[in-house]
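The block underneath contains the structure these notes are about, expressed in structure tokens.
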Amino acid sequence: MSFNLENFKKAMKNKNYSNQNLVDKLTEYGIDVTVDTIKSYRRSGGKNRQPTNDKLVAISKILNVSTDNLLGNDEIEVKYIPLIGVASCGVPNIAYDDSTEYIPVSSELARDGVYAVTADGDSMLPDIKHGSTIICDKNMQCENGNIVHYTTIDGESGLKKYLIDDKGVVTLMPLNSNFTPIMCDEKDLRCARAFKIVSDL
């Protein structure tokens, strides 16, 4: 699917956003773009007409539409899931900030127990980049090799690869070898399976 100019223009109009407004909002997300780049998204045949995945996801959040809508896939019903805060992909942080923010997703993803977190850090590179939005399901079983959003009994929270042995000892493994694995007992851990990166929707 390609970037849908008409849906983009409509979303901009509904938010009453100028090109500069969108540039300013993208800057808040850590994305550096120019007004000329935004203009190129709004005209057919523009040099940069197709935003990269990180820009597409950020624009969908800012304009409160789904990435499917911006890609012209209007057949998919849009619903919303909670974005509960930031999950560490580095040194574990103490829990995460509660949030009332919601993000749009296709309806089949908006089931009970599903929520999103924003990745913070580089320990899950190359699969998960800093700033990625990760969709998690606390009702999905976590199995060896799954990526999980975890919270320990001490309140530490993060995203890691889940490995468990036959004694119930869990290793939370970073994908980036520059970071150290975390080991804990299964009973001291709450996990939700991280099953989708928003930029892959």
Side-chain angles (χ1 to χ4, degrees), residues 25-31 53-54 57-58 60-62 64 66-67 79-201:
K25 284 291 185 179
L26 286 167
T27 300
E28 293 177 12
Y29 277 76
I31 296 176
N53 279 343
D54 60 333
V57 171
S60 74
K61 291 180 183 178
I62 292 165
N64 200 29
S66 69
T67 53
K79 293 189 176 181
Y80 294 83
I81 61 172
L83 178 65
I84 66 171
V86 173
S88 173
C89 292
V91 178
N93 58 345
I94 301 300
Y96 42 81
D97 298 326
D98 290 334
S99 172
T100 56
E101 185 178 354
Y102 287 78
I103 62 170
V105 295
S106 55
S107 59
E108 68 268 18
L109 296 180
R111 54 186 181 265
D112 185 49
V114 172
Y115 63 91
V117 292
T118 302
D120 179 29
D122 298 326
S123 73
M124 296 303 286
L125 289 175
D127 289 12
I128 300 175
K129 297 178 182 178
H130 174 76
S132 296
T133 301
I134 311 302
I135 299 178
C136 308
D137 188 342
K138 62 184 180 182
N139 293 326
M140 290 179 74
Q141 184 175 353
C142 296
E143 300 176 342
N144 269 313
N146 291 157
I147 304 300
V148 300
H149 175 227
Y150 68 88
T151 304
T152 69
I153 195 171
D154 298 322
E156 294 181 344
S157 170
L159 290 162
K160 293 289 185 291
K161 184 176 181 178
Y162 178 91
L163 301 170
I164 185 169
D165 65 19
D166 55 7
K167 296 181 180 179
V169 176
V170 174
T171 301
L172 297 167
M173 181 70 68
L175 300 183
N176 185 340
S177 60
N178 292 324
F179 291 80
T180 304
I182 299 167
M183 298 185 70
C184 58
D185 196 290
E186 182 184 20
K187 64 181 175 57
D188 296 332
L189 198 65
R190 286 190 296 120
C191 289
R193 185 169 169 181
F195 68 94
K196 183 71 79 171
I197 302 173
V198 167
S199 58
D200 287 342
L201 293 178

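The chain is numbered in sequence order, starting from 1.
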Output a table of donor-acceptor pairs, distance under 3.5 Å, between side-chain atoms of residues 134-141 and any protein atom two or more places apart or on a different chain; print 'none' if there are none.
{"from": "Asp137", "atom 1": "OD1", "to": "Asn139", "atom 2": "N", "distance (Å)": "2.8"}
{"from": "Asp137", "atom 1": "OD2", "to": "Arg111", "atom 2": "NE", "distance (Å)": "3.0"}
{"from": "Asp137", "atom 1": "OD2", "to": "Arg111", "atom 2": "NH2", "distance (Å)": "3.3"}
{"from": "Asn139", "atom 1": "ND2", "to": "Asp112", "atom 2": "O", "distance (Å)": "3.0"}

- Query: With distance as the sole test, does Asn144 use its side chain to make a donor-acceptor pair with the main-chain N or O of Ile164 at under 3.5 Å?
  - Reply: yes
- Message: Just verifying a value: how many Å separate Ile84 CD1 and Glu101 CD, rounded to the nearest 0.5 Å?
- Response: 12.0 Å
- Nearest-0.5 Å distance that lies between atom CG in Leu189 and atom OG1 in Thr151: 8.0 Å
- Has the side chain of Asp127 got a donor or acceptor atom that lies under 3.5 Å from a matching backbone atom of Met124? no
- Item | CD1-CD1 distance between Ile197 and Ile128, expressed to the nearest 0.5 angstrom | 5.0 Å
- Can you name the residues that form a side chain to side chain contact (heavy atoms under 4.5 Å, CB included) with Ser123, not counting sequence neighbours? Cys89, Lys160, Pro174, Phe179
- Item | Donor-acceptor contact present, side-chain His149 to main-chain Leu159, <3.5 Å | no
- Task: Only counting residues at least two apart or in another chain, list the ones meeting side chain to side chain contact (heavy atoms under 4.5 Å, CB included) with Lys161.
- Result: Ile147, Leu163, Met173, Leu175
- Item | Sequence neighbours excluded, every pair satisfying side-chain hydrogen bond (donor to acceptor under 3.5 Å, both in side chains) that has a member inside residues 177-186 | Asn176-Asn178
- Are Lys196 and Val114 close enough that some pair of their side-chain heavy atoms sits under 4.5 Å apart? no
- Query: Does the side chain of Leu172 reach to within under 4.5 Å of the side chain of Val148, using non-hydrogen atoms?
  - Reply: yes
- Item | Heavy-atom check, side chain of Leu109 versus side chain of Phe195, under 4.5 Å | yes
- State the OG1-NZ distance between Thr67 and Lys61, to the nearest 0.5 angstrom. 11.0 Å
- List the atom of Ser88, the atom of Ser157, and the distance in Å for their closest heavy-atom pair. CB-O, 3.6 Å
- Heavy-atom pair of closest approach, residues Thr118 and Gly131: CG2-O, 3.9 Å
- Message: Are Val170 and Tyr150 packed together at the side-chain level, in the sense that at least one heavy-atom pair is separated by less than 4.5 angstrom?
- Response: no
